[in-house]
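Here is the structure we will look at, set down as structure tokens.
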Amino acid sequence: MYYPFSWFKSVGLLAAYLAAFGVFGWYINEFIATLAIGAVGLLCWNYWQLYKLNKWLWHSKKMSPPTAVGIWEHVYEGIYHLSRRNRKKRKELGELVKRFREGSEALPDAAVVVDEHANIVWCNRLARIELGLRWPDDAGRRIDNLIRHPKFIEYFHAGNYHYPVEVPSPANIRKIFEYRIMRYGEEHLLLIARDVTRVSQLEDMRRDFVANVSHELRTPLTVINGYLELLPNAHDDGSMTGKALSEMSAQTLRMRNLIEDLLILSRIESSAERIYENTVDMPKVLSTIEIEAATLNQDRHHQITFHIDADVELFGVETELRSACSNLVFNAINYTPSGGKIDVFWQNHKEGVRFAVRDNGEGIEEKHLSRLTERFYRVDKARSRKTGGSGLGLSIVKHVLSHHNSRLDITSVVGEGSEFSFVLSDELIKTRDPLSVQRNS
Ligand code: ADP
């Protein structure tokens, strides 16, 4: 129980003690000597109390303090009170940790906590089962020594944890896990691994199905197209048959474009080609696109200007980048009313190198912008069909850019035009011509 300590009482007691010695000393005519004996006695008593306190603190197994009087009683009570409070706090903390552990054991995902040196601090039951971690044997061991898949190691050391990565489980390679890392506290990392085997199988099946169907459709379509081209009046000559044949030719062409785009898309999606294995000569790629654009532009009469200012050697997949850039340029040609102005830029940028296509067409309403890269999404279906578009162009661009760690930026003002651009980061640049940097700065 706490009761307030009174200095008055303590000083009063001390004064009474010394006064008693003083009076006795004065009575026997040895005032100083008696007072000194009283003071030494007081000192010894205090030392004795200190000794008892030390013994209680360090050697006693008893929680309750020894009996004492005066100021020492208060000291003992204070220490006892503090230790009881600490015990209560520790108990509460222990309960909290227990509840947290129980909660994390109930998680449907494997969870591992690692410190700043990549050493395992803690893991839950699922991490032991699914990732094959042993507890407590693996406590303090490096996580990258236990999950050794190159994809995981690359992801773990890259330090960019905005996106998850899918890697087979170290305990069972038939199971695919999605690893997600989050930073928390002081340099600690929380690793969450989720079983996505089923999703990944379905995704593979979908990809294979689209690729197979597109591939299978290509042959009959080529045959139909071949025969249509052989027919003498495949051009619309006003007759019913001519009209039908001309429409059939146009539709087979559309279907062929659609299948080609589907095949390109599934090839990019399942591409295992590493972007750092090959280099791309972008100015050369863009000059071929310029020639193709001029052919497409013959009956549209746009003023197309290519501004190729960055001379960099770039890591990447040439066919993919060619496909992305040409889609953006051809879209600008197709969706800008005749006689428009189109500018294509390939320039140095503070974060790498930037490609942009700017047109002064009709522009796109804000509500469509976030959906443009969805498969088969079109702003104006009828118009798109007329241009022969498959609705997959921007989807292809999105996948190519994601493969090259970039993303498509679209800005558009209705009535003024649109700009489609992307930045390829410095990491993709193998060498940069210093002269081209000077020219641009
Ligand atoms: P499509 O094959 O139909 O062209 P895309 O995926 O390439 O499909 O484009 C999706 C839609 O985005 C198009 O249908 C069109 O409405 C719109 N779009 C793309 N580029 C432009 C542009 N430069 N100006 C205006 N609209 C555009």
Side-chain angles (χ1 to χ4, degrees), residues 210 214 217-218 221 250-269 286 289-290 292-307 319-346 354-404 406-422:
V210 173
S214 316
L217 281 175
R218 202 151 67 160
L221 206 64
Q251 292 303 329
T252 31
L253 181 70
R254 237 192 94 205
M255 211 152 145
R256 218 172 51 192
N257 287 344
L258 188 67
I259 287 170
E260 288 306 325
D261 278 357
L262 272 172
L263 280 171
I264 292 174
L265 196 57
S266 59
R267 211 174 301 133
I268 294 168
E269 271 187 327
L286 291 172
I289 293 177
E290 192 172 359
E292 287 164 13
T295 316
L296 188 65
N297 187 35
Q298 264 167 6
D299 50 351
R300 287 180 174 85
H301 314 293
H302 298 306
Q303 182 196 328
I304 307 176
T305 320
F306 275 67
H307 310 262
T319 47
E320 292 186 10
L321 287 173
R322 179 196 300 274
S323 176
C325 296
S326 59
N327 263 308
L328 295 178
V329 175
F330 299 164
N331 269 355
I333 296 173
N334 285 331
Y335 294 107
T336 304
S338 288
K341 189 172 180 314
I342 296 168
D343 290 287
V344 180
F345 300 94
W346 176 248
R354 182 172 182 267
F355 176 82
V357 180
R358 194 183 295 156
D359 65 57
N360 65 349
E362 289 165 2
I364 308 158
E365 272 182 78
E366 172 96 44
K367 64 177 181 192
H368 297 295
L369 294 184
S370 61
R371 301 198 57 194
L372 281 187
T373 55
E374 283 174 22
R375 280 159 208 233
F376 302 112
Y377 187 86
R378 292 145 170 146
V379 175
D380 179 347
K381 282 203 169 54
R383 171 123 191 246
S384 226
R385 220 165 279 141
K386 235 179 358 195
T387 62
S390 64
L392 293 170
L394 293 181
S395 227
I396 293 175
V397 176
K398 181 176 130 180
H399 275 87
V400 169
L401 295 184
S402 128
H403 193 194
H404 289 78
S406 177
R407 65 184 171 81
L408 183 64
D409 285 318
I410 310 171
T411 48
S412 189
V413 181
V414 176
E416 286 183 21
S418 318
E419 184 177 275
F420 291 74
S421 67
F422 60 83

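All figures in this text were calculated on a predicted structure; none of them were measured in a lab. For this chain, numbers begin at 1 and follow the sequence in order. Ligands are counted one by one from 1 in listed order, and the atoms in each one are counted from 1 as well. Computed from heavy atoms alone, side chains included, the values below leave out hydrogens, waters and symmetry copies.
- Distances from ligand 1 to the non-hydrogen atoms of Ser390 include at least one value under 4.0 Å.
- Nearest to atom 12 (O) of ligand 1 by heavy atom, out of Ile364, Leu372, Thr336, Val329, is Leu372.
- Listed for the Ser395 side chain is a donor-acceptor partner under 3.5 Å among the backbone atoms of Thr373.
- Every atom of ligand 1 is numbered from 1 in the order shown, and the set under 4.0 Å from a heavy atom of Gly393 is 5 (P), 6 (O), 7 (O).
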List the steps, then state whether side chain to side chain contact (heavy atoms under 4.5 Å, CB included) holds for Leu401 with Arg407.
-> CA-CA 5 Å; Leu401 295 184; Arg407 65 184 171 81; 5.5 Å; no
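- Of the charged side-chain nitrogens involved, none lies within less than 4.0 Å of a carboxylate oxygen, so that Glu366 and Arg371 do not count as a salt-bridged pair.
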For residues 337-344, dump all side-chain donor-acceptor pairs below 3.5 Å to protein atoms at least two apart in sequence or in another chain.
from   : atom 1 : to     : atom 2 : distance (Å)
Lys341 : NZ     : Asp343 : OD2    : 3.0
Asp343 : OD1    : His307 : NE2    : 2.9

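- Ion pair Glu320/Lys398 not flagged as a salt bridge, since none of the NZ, NE, NH1 or NH2 atoms sits closer than 4.0 Å to an Asp/Glu carboxylate oxygen.
- At a heavy-atom cutoff of 4.0 Å, ligand 1 is contacted by the side chain of Phe420 but not by its backbone.
- Using a cut-off of 4.0 Å between Lys/Arg side-chain N and Asp/Glu carboxylate O, Glu260 and Arg218 are scored as salt-bridged.
- Between the side chain of Asp359 and the backbone N or O of Ser418, at least one donor-acceptor pair lies under 3.5 Å.
- Contacts between Val357 and ligand 1, counted as non-hydrogen atom pairs separated by less than 4.0 Å, are absent for every part of the residue.
- Proximity of Asn327 to ligand 1 is not established, as no heavy-atom distance is less than 4.0 Å.
- In summary, the atoms of ligand 1 found under 4.0 Å from a heavy atom of Ala332, numbered by their order in the structure, are 23 (N).
- Of the N or O atoms in Tyr335, one or more lie within a sub-3.5 Å distance of an N or O in ligand 1.
- Residue Tyr377 places no N or O, backbone or side chain, under 3.5 Å from any N or O of ligand 1.
- Checking side-chain atoms of Ser390 against main-chain N and O of Leu258 turns up no donor-acceptor pair under 3.5 Å.
- Within the 4.5 Å cutoff, the side chain of Glu365 has no heavy atoms near those of the Val379 side chain.
- Both the backbone and the side chain of Val379 come within 4.0 Å of ligand 1, counting heavy atoms alone.
- Geometrically, ligand 1 and Gly391 share a nitrogen or oxygen pair separated by less than 3.5 Å.
- Listed by number with element, the atoms of ligand 1 under 4.0 angstrom from any heavy atom of Arg378 are 3 (O), 14 (O).
- Polar contact check, Gly363 against ligand 1: no nitrogen or oxygen pair lies under 3.5 Å apart.
- Nearest to atom 5 (P) of ligand 1 by heavy atom, out of Leu394, Val397, Asp380, Ile333, is Leu394.
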